[in-house]
Visitor: 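Mind having a look at this structure? Questions to follow.
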There are 2 protein chains.
Amino acid sequence: MKGNGVERVAARLRHRGRRMTVQRRAVLEALAALGCARDAETIHARARAAYPKLGLVTVYRTLEAFVADGVAHPVFFGDGRVRYDLSEDGGHHHHLVCLSCGRIARVDECHLPPSRRLGRPQGFTVTAHRLELFGYCPRCAPKA
Amino acid sequence: MKGNGVERVAARLRHRGRRMTVQRRAVLEALAALGCARDAETIHARARAAYPKLGLVTVYRTLEAFVADGVAHPVFFGDGRVRYDLSEDGGHHHHLVCLSCGRIARVDECHLPPSRRLGRPQGFTVTAHRLELFGYCPRCAPKA
DNA sequence: TGCTTGTTGAAAACGATTTTCATTGTCGGA
DNA sequence: TCCGACAATGAAAATCGTTTTCAACAAGCA
Ligand SMILES: [Mn+2]
Ligand SMILES: [Mn+2]
Ligand SMILES: [Zn+2]
Ligand SMILES: [Zn+2]
């Protein structure tokens, strides 16, 4: 993550009465370095490289703040732990999860119809959706 | 749930070395009566009407067995609790969740491209997917 | 440089789900 | 129909990811 990005995030946090701290900077860097869908513990481990005293609790609180401020997004694979993705300007993306080795691949194209069409039959106004794909990665062989 | 369905489920369980008990029957009935995406506690409360001594632990264990045997499917909305749907013969379905009142509507059509196309770019073999839609129900007014 | 407040870390609390373990009950076989 | 092997049950305790509590700290503004 280029120092520039940190500043943009800092600005967004400050805008909400929040402050930019070394801890949050470390979590932000970790989030950017790790890439797609990492859980709090993984982020914690990585962020500690930059700031060893960092507590796991702070990572949780920081992620909560990031999500509230639109800096990050939670991702759910249904295994009981929440993962996080750094938000990007150009819209959302989904994931491919290997059921064998756990590898995660990003899926940028969203093949779903526009939101306003998705809920029409039931009269819902759709504002968001979550889609995750499960299967086997190339290395774990098809039909594993 | 027609007694017939119970028999079919019983057969499927027995086939795996499992047994059909009053408790499981009660959970099955509750699952059928409650409909879309209910959590263990809700299912427990309902099933108790038929079998008051039923323990919540047994509900969890039964749901686990049902899922393993394909009798039920877990549904995740990302709020930290797992919900369950009774499996049906004709394929899967998704859900619309009202962010205001929590109402859940079923979405039968799956607007996604065929599995084999979804993971192609990254070389994945897609065997399943999870899609949930979030927004506002008719009663909670659009743009709530 | 102070002061006001948001932030932090350790420890304890939480809530959903799982495990332990002694007891009970299902169901295939005699 | 009766047995017995072993799956299932329930209560209590244990897990585990995440949240809350609380006293010490430290951003950011005057
Ligand atoms: Mn991602
Ligand atoms: Mn459903
Ligand atoms: Zn793999
Ligand atoms: Zn609603």
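Below, each value reflects all heavy atoms present in this structure, side chains not excepted, and no hydrogens, waters or symmetry copies. As the structure is a prediction and not an experimental result, all values here were calculated from the model. Residue numbering restarts at 1 for every chain, and letters A, B, ... go by the order of the sequence lines.
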Visitor: Mind calculating the distance between CZ (B/Arg24) and C1' (C/dC27) to the nearest angstrom?
Guide: 13 Å

Visitor: Taking all atoms of both residues into account, what is the closest heavy-atom pair of A/His129 and B/Leu133, and its distance?
Guide: CB-CD2, 3.5 Å

Visitor: Would you mind reading off the distance between A/Arg81 atom CZ and C/dT17 atom P, rounded to a whole angstrom?
Guide: 15 Å

Visitor: Which nucleotide in the list D/dT18, C/dT8, D/dG10 gets nearest to the side chain of A/Val82?
Guide: D/dT18

Visitor: Which one, C/dA16, C/dG9, D/dT9, comes nearest to the side chain of A/Gln23?
Guide: C/dG9

Visitor: Is the closest side-chain heavy-atom distance between A/Arg130 and B/Phe134 below 4.5 Å?
Guide: yes

Visitor: If hydrophobic clusters are built from ILVMFWY residues whose side chains come within less than 4.5 Å, do B/Val6 and B/Val67 share one?
Guide: yes

Visitor: For DNA chain D, what residues of residues 42-67 of chain A have any heavy atom nearer than 4.0 Å?
Guide: A/Val57, A/Tyr60, A/Arg61

Visitor: When the distance from CG of A/Asp79 to P of D/dC16 is rounded to whole Å, what number comes out?
Guide: 14 Å

Visitor: Against B/Val27, only a single residue in B/Val22, B/Thr21, B/Ile43 fulfils side-chain contact (heavy atoms from CB on, under 4.5 Å); can you say which?
Guide: B/Ile43

Visitor: Using five pairs at each end of the helix from C/dT1-D/dA30 to C/dA30-D/dT1 to define an axis, what is the angle between those two axes, to 10°?
Guide: 30°

Visitor: Nearest whole angstrom, please: distance from the P of C/dA16 to the CZ of B/Arg38.
Guide: 17 Å

Visitor: Any luck finding a side-chain donor-acceptor pair between A/Asp39 and A/His44 under 3.5 Å?
Guide: no

Visitor: Return the CG to CG distance between B/Leu131 and A/Leu131, rounded to the nearest 0.5 Å.
Guide: 5.5 Å

Visitor: Can you tell me how far the OG1 atom of A/Thr127 sits from the CG atom of B/Leu99, to the nearest 0.5 Å?
Guide: 5.0 Å

Visitor: Would you mind reading off the distance between B/Glu41 atom CD and C/dT17 atom P, rounded to a whole angstrom?
Guide: 9 Å

Visitor: Which ones in residues 11-22 of chain A lie close to DNA chain C, meaning a heavy atom under 4.0 Å from one of its atoms?
Guide: A/Gly17, A/Arg18, A/Arg19, A/Thr21

Visitor: Please tell me if the side chains of A/His73 and A/His92 come closer than 4.5 Å, counting only heavy atoms from C-beta onward.
Guide: no

Visitor: May I ask whether B/Phe124 and A/Val97 are part of the same hydrophobic cluster, defined by side-chain heavy atoms of I, L, V, M, F, W, Y residues being less than 4.5 angstrom apart, directly or through others?
Guide: no

Visitor: Output the rounded distance in Å from CZ (B/Arg25) to C1' (C/dC27).
Guide: 13 Å

Visitor: Just so I know, are the side chains of B/His93 and B/Asp85 near enough to count as touching, which here means a heavy-atom distance under 4.5 Å?
Guide: yes

Visitor: Taking A/Val75 as the fixed residue, which of A/Arg38, A/His95, A/His94 is the one that meets the side-chain contact (heavy atoms from CB on, under 4.5 Å) rule?
Guide: A/His95

